[in-house]
Amino acid sequence: MMSGHISITHTTACQNGIQQALGSKSARTGNLLMAVFDRLITAYKRHQSRRAILRLNDSQLRDIGLERSFDGSMCERN
């Protein structure tokens, strides 16, 4: 009788461990997805900003302290 009780307790402990492992795996997956989504949003916003800056003329760039270099990239004015 005693060994049956130990077996049930052991099985329950294993099931709890599996549920915790699955829960933490699910949480890690959710965190990973949120991090990826955050990176995508950040990259898209950076892309939009760069496009907006590229549309500015040289006078507008000087007004905000930037200038267009010879290769077309932007750099800060000294």
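Computed from a predicted model, the values in this text were never measured in an experiment.
- Considering only residues two or more places apart in sequence or on other chains, Asn57 meets the side chain to side chain contact (heavy atoms under 4.5 Å, CB included) condition with Ser59, Gln60.
- Atom-to-atom distance recorded for Leu66:CG and Leu56:CG is 8.5 Å, nearest 0.5 angstrom.
- Residues satisfying the salt bridge (Lys or Arg N to Asp or Glu O under 4.0 Å) criterion with Asp38, sequence neighbours excluded, are absent altogether.
- Cluster note: Leu32 groups with Val36, Leu40 through ILVMFWY side-chain heavy atoms spaced under 4.5 Å, whether in direct contact or through intervening members.
- Residue pairs satisfying the salt bridge (Lys or Arg N to Asp or Glu O under 4.0 Å) criterion with at least one member in residues 45-60, sequence neighbours excluded, are listed as follows: Asp58-Arg68.
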